[in-house]
Amino acid sequence: MKVKSGSGGGMRIGELSALSGVSARALRHYEDVGILVPDRSSSGYRDYSLADVTRVAQIRALICAGMGTSTIKRYFDCVRTGDRGTQLQMCPDLRAELDLIAEALTAKQAQLQRTQEQLRRLTSTSRGLGEAR
């Protein structure tokens with residue numbers, strides 16, 4: 001367990017939650033999977049810094065892009081934040097992971113289109129049946 005020297009310099013989980021817009025429950029989950037590692041105060045409380053606010057924003061950006069927490073953990077060293085926001089530097093094997101995510105999204109999109117078409121067929125049929133009564 002890391003213990004931060006000094007006291008009062010960090011944030012508690014509620015403060016990080018408010019600053020980042022991410023629930024305390026999600027922050028604890030990020031800690032459980034190892035993608036957010038807060039310092040600990042001498043009394044054992046989580047002690048977050050401003051760098052953790054940035055890290056949570058990076059995690060959220062990656063999750064919104066379709067990456068799971070296990071993938072984020074493997075490739076977090078490839079994440080950069082700059083003037084243009086959060087970006088990924090292409091690390092070895094990362095391209096293959098991202099291609100898999102893109103393929104899965106394409107397959108889901110095709111399935112949604114098939115479902116929408118089926119719904120259109122069903123609703124046009126039911127309108128026709130309802131009008132015939």
Side-chain angles (χ1 to χ4, degrees):
M1 175 191 320
K2 293 192 268 182
V3 177
K4 196 172 199 171
S5 59
S7 62
M11 289 179 269
R12 299 292 180 248
I13 196 165
E15 294 170 295
L16 179 60
S17 176
L19 277 174
S20 66
V22 174
S23 71
R25 182 178 180 198
L27 296 172
R28 286 186 205 96
H29 173 69
Y30 300 161
E31 182 181 354
D32 288 344
V33 297
I35 56 177
L36 182 63
V37 183
D39 287 336
R40 294 284 181 160
S41 68
S42 58
S43 57
Y45 288 103
R46 291 172 181 87
D47 201 5
Y48 297 98
S49 68
L50 288 177
D52 291 316
V53 176
T54 300
R55 186 168 183 101
V56 170
Q58 293 169 331
I59 292 167
R60 295 303 306 157
L62 297 172
I63 287 172
C64 288
M67 295 176 78
T69 54
S70 61
T71 303
I72 292 170
K73 184 176 182 177
R74 283 195 309 276
Y75 297 108
F76 207 85
D77 290 340
C78 304
V79 177
R80 305 289 180 266
T81 298
D83 294 340
R84 297 183 305 176
T86 299
Q87 298 178 333
L88 288 171
Q89 178 182 355
M90 285 301 117
C91 299
D93 300 325
L94 179 58
R95 170 56 44 201
E97 286 278 348
L98 297 179
D99 288 344
L100 287 174
I101 292 169
E103 288 171 19
L105 289 172
T106 299
K108 285 180 185 179
Q109 186 176 28
Q111 179 60 46
L112 286 171
Q113 288 173 341
R114 289 190 296 272
T115 301
Q116 286 175 326
E117 181 56 34
Q118 184 63 26
L119 284 172
R120 276 193 287 278
R121 277 190 247 128
L122 289 171
T123 56
S124 68
T125 302
S126 65
R127 281 190 201 127
L129 291 175
E131 292 170 4
R133 289 186 184 174

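Under the side chain to side chain donor-acceptor pair (under 3.5 Å) criterion, E117 pairs with R120, not counting sequence neighbours. Scanning for salt bridge (Lys or Arg N to Asp or Glu O under 4.0 Å) contacts around R46 gives E31, with sequence neighbours left out. Remark: R60 engages Y30 in a side chain to side chain donor-acceptor pair (under 3.5 Å) (not counting sequence neighbours). Residues meeting the side-chain contact (heavy atoms from CB on, under 4.5 Å) test with T106, sequence neighbours left out: none. For A61, the side-chain contact (heavy atoms from CB on, under 4.5 Å) partners at least two apart in sequence or on another chain are T86.
For residues 64-74, the set of pairs meeting the salt bridge (Lys or Arg N to Asp or Glu O under 4.0 Å) definition, not counting sequence neighbours, comprises R74-E97.
Put simply, the side chain of L50 does not reach to within 4.5 Å of the side chain of T54, judged on heavy atoms. Residues I59 and F76 are in side-chain contact: their nearest non-hydrogen atoms beyond the backbone lie under 4.5 Å apart. Contact annotation: the side chain of L122 approaches that of Q118 to within less than 4.5 Å [non-hydrogen atoms, C-beta and beyond]. The closest side-chain heavy-atom distance from D39 to S49 is not below 4.5 Å.
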Can Q109 and L105 be said to form a side-chain contact (heavy atoms from CB on, under 4.5 Å), step by step? CA-CA 6 Å; Q109 186 176 28; L105 289 172; over 6 Å; no
Practice problem: Applying side-chain contact (heavy atoms from CB on, under 4.5 Å), run through Y48 and E15 and close with a yes or a no. | Solution: CA-CA 9 Å; Y48 297 98; E15 294 170 295; over 6 Å; no
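A donor and an acceptor atom, one from each side chain of Q111 and R114, are located under 3.5 Å apart.
In summary, D99 and R95 engage in a salt bridge, as defined by a charged side-chain N under 4.0 Å from a carboxylate O.
Across all their heavy atoms, G10 and D47 have their closest contact at CA-OD1, 2.9 Å. P38 approaches L36 most closely through the heavy-atom pair CD-O, 3.5 Å. Minimum interatomic distance between S17 and A24 (heavy atoms only, all atoms of both residues): OG-N, 3.6 Å.
Atoms CG and CG, on D52 and L27 in that order, are 9.0 Å from each other to the nearest 0.5 Å. Atom CG of residue L94 and atom OG1 of residue T71 lie 9.0 Å apart, to the nearest 0.5 angstrom. Atom CD1 in I35 sits 10.5 Å away from atom CD in Q58 (nearest 0.5 Å).
L100 and L98 fall into different hydrophobic clusters, where Ile, Leu, Val, Met, Phe, Trp and Tyr side chains are chained together by heavy-atom contacts under 4.5 Å. Note: the hydrophobic cluster containing L16 does not contain Y45 (ILVMFWY, side chain heavy atoms under 4.5 Å, direct or indirect links).
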